[in-house]
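First the structure, in the form of C-alpha cells, and then the observations on it.
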There are 2 protein chains.
Amino acid sequence: MAKPSEPKRKKRNGGTTTSRMRDVARKAGVSVMTVSRALNDPDKVSKEMRLKVRAVVDEIGYVPNRLARSLSSNRSNLLGLIVPSIRNSLFAETIKGISDVASGNGYRLMIADSGPGLHEEEEAITAFLQQRVAGLVLHNTSHTANAIEMIGKAGIPVVENGNLTSTPLDSVVSYSNYEAARAMTLHLARMGYKQIAFVSLVRRENDRARERLRGYLAALKELGRKPDDALILERPPGFSAGAEAVMHLVESVPQVDAIFFAGDVLAVGAALECQRRGWKVPGRVALASFDDLDILRHVNPPLTTIRLPRYEIGRRSAECLLDRIAGRATERVSLDLKFEIIQRESA
Amino acid sequence: MAKPSEPKRKKRNGGTTTSRMRDVARKAGVSVMTVSRALNDPDKVSKEMRLKVRAVVDEIGYVPNRLARSLSSNRSNLLGLIVPSIRNSLFAETIKGISDVASGNGYRLMIADSGPGLHEEEEAITAFLQQRVAGLVLHNTSHTANAIEMIGKAGIPVVENGNLTSTPLDSVVSYSNYEAARAMTLHLARMGYKQIAFVSLVRRENDRARERLRGYLAALKELGRKPDDALILERPPGFSAGAEAVMHLVESVPQVDAIFFAGDVLAVGAALECQRRGWKVPGRVALASFDDLDILRHVNPPLTTIRLPRYEIGRRSAECLLDRIAGRATERVSLDLKFEIIQRESA
DNA sequence: GATTATTGTGTTACGCGTAACATGGATCTG
DNA sequence: CAGATCCATGTTACGCGTAACACAATAATC
C-alpha cells in the first residue's frame with residue numbers, strides 16, 4: 001500500500017498537460033510496460049489487455065511520445081533528405097517517392113534545402129545527425145571532408161541519388177548523368193546536327209552539371225569533333241536564362257544547329273522564346289532538354305528530352321535505406337535506374 | 001575515490017558508438033551540466049571552460065543528441081508542414097519560405113504529403129504530434145473533428161495558410177481565395193468578357209477550390225449575371241487537363257469568350273493547347289490563371305493572372321509560429337497577405 | 001504427473017540530456 | 001568585516017519511454 005507517491009513531474013508548460021504512458025497504465029490498471037507492448041508489439045499481450053489499453057488510449061487521447069521512444073530504443077523513425085533546392089520542381093517527384101515509402105513504413109521525412117553550396121549541406125547534415133535520423137538521402141554526390149567524417153562516425157546508411165557516382169559515400173541510387181548527356185549528344189549527331197551547343201547550370205559545386213559536360217565532351221570526341229568554347233555555356237536556373245541562352249547562341253554563333261539544354265527548365269524557356277520570335281524549331285535551331293518535365297510534352301513543338309525515373313529514384317532510395325536500417329540488407333547498393341531518350345519534334 | 005563504476009550502457013547497436021555528453025565531460029574534467037551549458041548557454045560558463053569544452057567536442061566529434069534535449073527540456077525544434085501535394089510546384093515557394101525561417105532559427109522542418117484527403121491529413125497530424133513538433137503549418141483549412149481535437153489537446157501553435165479562413169484553428173496567414181477569384185472575375189467582366197467560364201480543381205475536400213468558386217459566383221451575382229453550369233468545370237491537376245478543358249469549353253459552349261482557370265497549371269496547359277491549335281488568345285477565347293507561376297510570363301501570349309505572395313506566406317507563417325513558440329506572441333494572428341491581379345495579354 | 005517450454009506481465013535499470021536547486025568562492029555594501 | 005549578492009560549477013531528480021531480465025501461470029511433452 002505504501003507505494004512511494006508519484007514523483008512530481010519535473011516541470012510542465014502552463015495549461016495543457018499531455019498524457020503519458022504512465023497515465024494510461026494507471027487508468028487501465030496495468031504496468032507501463034504492458035501499455036508499451038499493447039501499442040507497439042500487440043502480439044506480446046493478451047487480447048483483453050490489448051483492448052483495454054486501446055480503450056483507455058482512445059478515451060484519454062494519449063499520443064505516444066516518439067522522442068522518448070527513439071531515445072530509449074536508440075532507433076529513430078526519421079529520414080533526412082537534403083536537396084540543393086526545394087523550389088526546383090525536378091526534385092518534387094523524388095521527394096514524393098521517398099515520402100511515400102517513408103510514411104508507408106512509419107517513417108517521417110525531414111527535408112532541408114542546402115542551396116548550391118557544400119558548406120550549407122554540411123550544416124544540414126549536422127542538424128540531421130543531431131536529430132538522430134535513421135538514414136540520409138543526399139542529392140549531392142560531393143561533400144565536405146567534415147560531412148563525410150561525421151556521417152562515417154554516425155554509422156547510419158546514406159543514399160546519394162543525384163548522380164551514379166563511382167565513389168559513393170555508401171549506397172547510390174541514380175542514373176548516369178555522364179552517360180545520359182553523352183547519349184543525347186550522340187543522338188543529336190545521328191540526327192544530322194553538326195554544331196551542337198551545350199548549356200548547363202553553373203558547374204562550380206554542381207557535380208551533375210560537370211558530369212553532363214563530361215558526357216557531352218566525350219561524345220564529341222567519339223565523333224571526332226572539336227569542342228568549341230563558344231558553344232558551351234552555363235546559366236543560372238530559370239525560364240528566362242534559357243530564353244536568353246538561345247538568343248545569345250543563335251546570334252553569336254549563327255551556324256549552331258542544335259542546342260542541348262542539360263539542366264533545369266532552361267529548355268522550356270528557350271522553346272517558348274523561339275516560339276515568341278517565330279523561330280522554327282528545329283528549322284532555325286533544334287532543341288533538346290535533359291529533364292522529363294511534364295511541360296516538355298506540351299510546348300510547341302514538343303521537346304526531345306531524356307526521361308529520368310525520378311519518382312522511382314526516390315522510391316528505391318528510401319527502400320534501400322529502410323532495408324539497411326531494418327538490417328534486411330547489409331551490402332552497399334549501387335543501383336542504376338537508367339534513362340531513356342524521348343524523341344519528339346524539337347530535334 | 002570509490003566512485004560507483006560507470007553503469008554499463010543499456011545496449012548499443014553493433015560497431016559504431018556515438019559519443020555522449022558524458023564522454024565530453026569526462027575528457028574535459030568537468031560535469032555534464034557544464035558541457036551542456038557551454039554548448040547551449042555559453043554566457044553561463046567562464047571563457048576557459050567554454051574553450052576547453054569546445055576543444056574536446058571537436059576532438060572527439062561529439063554530436064549533441066537533440067532527442068534527449070527535446071525530451072528533457074520538453075521543447076522540440078521541429079516544425080511540421082502538411083501540404084496536399086508535394087509534387088505541386090505551387091507549394092515549393094511556401095515551403096522554401098518556411099524552411100528558410102525555420103533553419104535560420106535552429107528549427108527543422110518535417111514535411112508530409114497528405115494527398116487530397118482529410119483523413120490522410122489527420123494521420124500526418126498524428127505522426128507529427130507523436131514527434132512532438134513545436135508547431136504546425138497546415139495548408140488545408142478544413143480538418144477532421146479528430147484532428148482538431150488532437151491539436152487542441154497538444155496545445156501547440158498552428159498556422160493555416162491555404163486560405164484566409166474566418167474560422168481558423170488558431171492563426172492564419174494567407175490570402176482570400178474568395179476575394180481573389182471574385183476580383184479576377186470582375187476584372188474579366190470589366191475587360192468586356194460576357195461569357196466567363198470557371199475551371200477549378202475538384203472541389204470535394206478542397207476548400208480553396210470551393211472558395212474560389214464562391215468568389216466567381218459572387219462576382220457574377222454582382223454583375224447581375226446568371227451562372228451557367230456548362231461554364232463551370234472541375235478537373236484533375238495537370239497540363240493535360242487544362243488543355244482538355246479549353247477544348248471542351250470552346251466546343252461545347254461556343255459563345256464562351258473567357259476562361260478563368262482557378263487552380264494548378266491548368267491555364268498553362270490550356271494556353272499551350274490554344275497555341276498548338278492556332279487559336280488566337282484572347283481572340284478566340286481569353287484566358288486567365290490563378291497562380292503566379294513563373295512560366296505564365298513566358299507562354300505566348302503571357303497570361304493574365306493573380307500574383308500570390310507564396311514565399312511570403314511561408315515566411316510569415318513560420319515567423320508567426322516561432323513567435324508563439326518562443327512566447328514572444330500569445331495572440332492568434334490573422335494575416336491577410338493580399339493578392340494582385342497581373343494584367344497581361346491573354347485577357 | 002513431474003519437467004520443460006511457452007505465455008503474459010511486472011520490475012529494474014537505464015537512454016541522454018536539462019531543470020532546479022545546492023555549493024563554495026569572489027565581489028559588493030555600508 | 002558580517003551579511004547580502006553574484007558567479008561558476010556541481011548534484012540530484014527527473015523527461016517518457018524501452019531493453020533485459022524475473023517470475024508466475026498455463027500449456028506441452030513423455
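Protein chains get the first letters and strands the later ones, always in sequence-line order, with residue 1 at the start of each. The analysis underlying the following values was restricted to heavy atoms, covering all of them including side chains, and did not include hydrogens, waters or symmetry mates.
- Atom CG in A/Leu71 sits roughly 9 Å away from atom C1' in D/dG15 (whole-Å rounding).
- No engagement by B/Arg66 is indicated, since no non-hydrogen atom pair under 4.0 Å with the nucleic acid exists.
- Taking only side-chain nitrogens and oxygens, B/Ser73 never comes nearer than 4.0 Å to OP1 or OP2 of D/dG15.
- Counting heavy atoms of neighbouring residues, nucleotides and ligands inside a 6.0 Å radius, atom NZ of B/Lys44 does not exceed 12 of them.
- Not one side-chain nitrogen or oxygen of A/Arg132 sits closer than 4.0 Å to the OP1 or OP2 atom of C/dG15.
- In this structure, A/Thr34 reaches the C/dG10 phosphate: one of its side-chain N or O atoms is under 4.0 Å from OP1 or OP2.
- Nearest approach of B/Asn161 to B/Ser317, heavy atoms of both residues: ND2-OG, 3.4 Å.
- Taking atom CZ of residue A/Arg20 and atom P of nucleotide D/dG15, one finds them 6 Å apart after rounding to whole Å.
- Along DNA chain C, the nucleotide nearest to B/Asn40 and the one nearest to A/Gly29 differ in position, and the one closer to the 5' end is contacted by A/Gly29.
- In this structure, CZ of A/Arg69 is placed 9 Å from C1' of D/dT18, rounded to the nearest angstrom.
- The nucleotide whose nearest atom lies closest to any side-chain atom of A/Ser36 is, among D/dT18, C/dG17, D/dG17, D/dT18.
- In this structure, CG of A/Asn74 is placed 12 Å from C1' of C/dC14, rounded to the nearest angstrom.
- Taking atom CD of A/Gln131 as the reference point, atom C1' of C/dC16 lies 14 Å away to the nearest angstrom.
- Here the side chain of B/Lys153 pairs a donor or acceptor atom with the backbone of A/Ile60 at under 3.5 angstrom.
- Phosphate contact (OP1/OP2 of D/dA19, side-chain N/O of A/Ser72, threshold under 4.0 Å): absent.
- Nucleic acid contact for B/Met33: base, since at least one base atom lies under 4.0 Å from a heavy atom of the residue.
- Among the heavy atoms of the strands lying under 4.0 Å from A/Val30 are primed sugar atoms or P, OP1, OP2 only; no base atom is included.
- No contact: B/Arg50 has no heavy atom under 4.0 Å from any strand.
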Q: For B/Ser171 and B/Arg324, run side-chain hydrogen bond (donor to acceptor under 3.5 Å, both in side chains): C-alpha distance rounded to whole Å, both residues' side-chain angles, the deciding distance at 0.1 Å, then the answer.
A: CA-CA 10 Å; B/Ser171 291; B/Arg324 297 285 300 279; 3.3 Å; yes
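- Side-chain atoms of B/Met150 and B/Glu122, non-hydrogen and from C-beta on, do get closer than 4.5 Å to each other.
- Under 4.0 angstrom from either OP1 or OP2 of D/dG17 there lies at least one side-chain N or O belonging to A/Tyr62.
- Note: CG (A/Asp41) to P (D/dA20) measures 13 Å, nearest angstrom.
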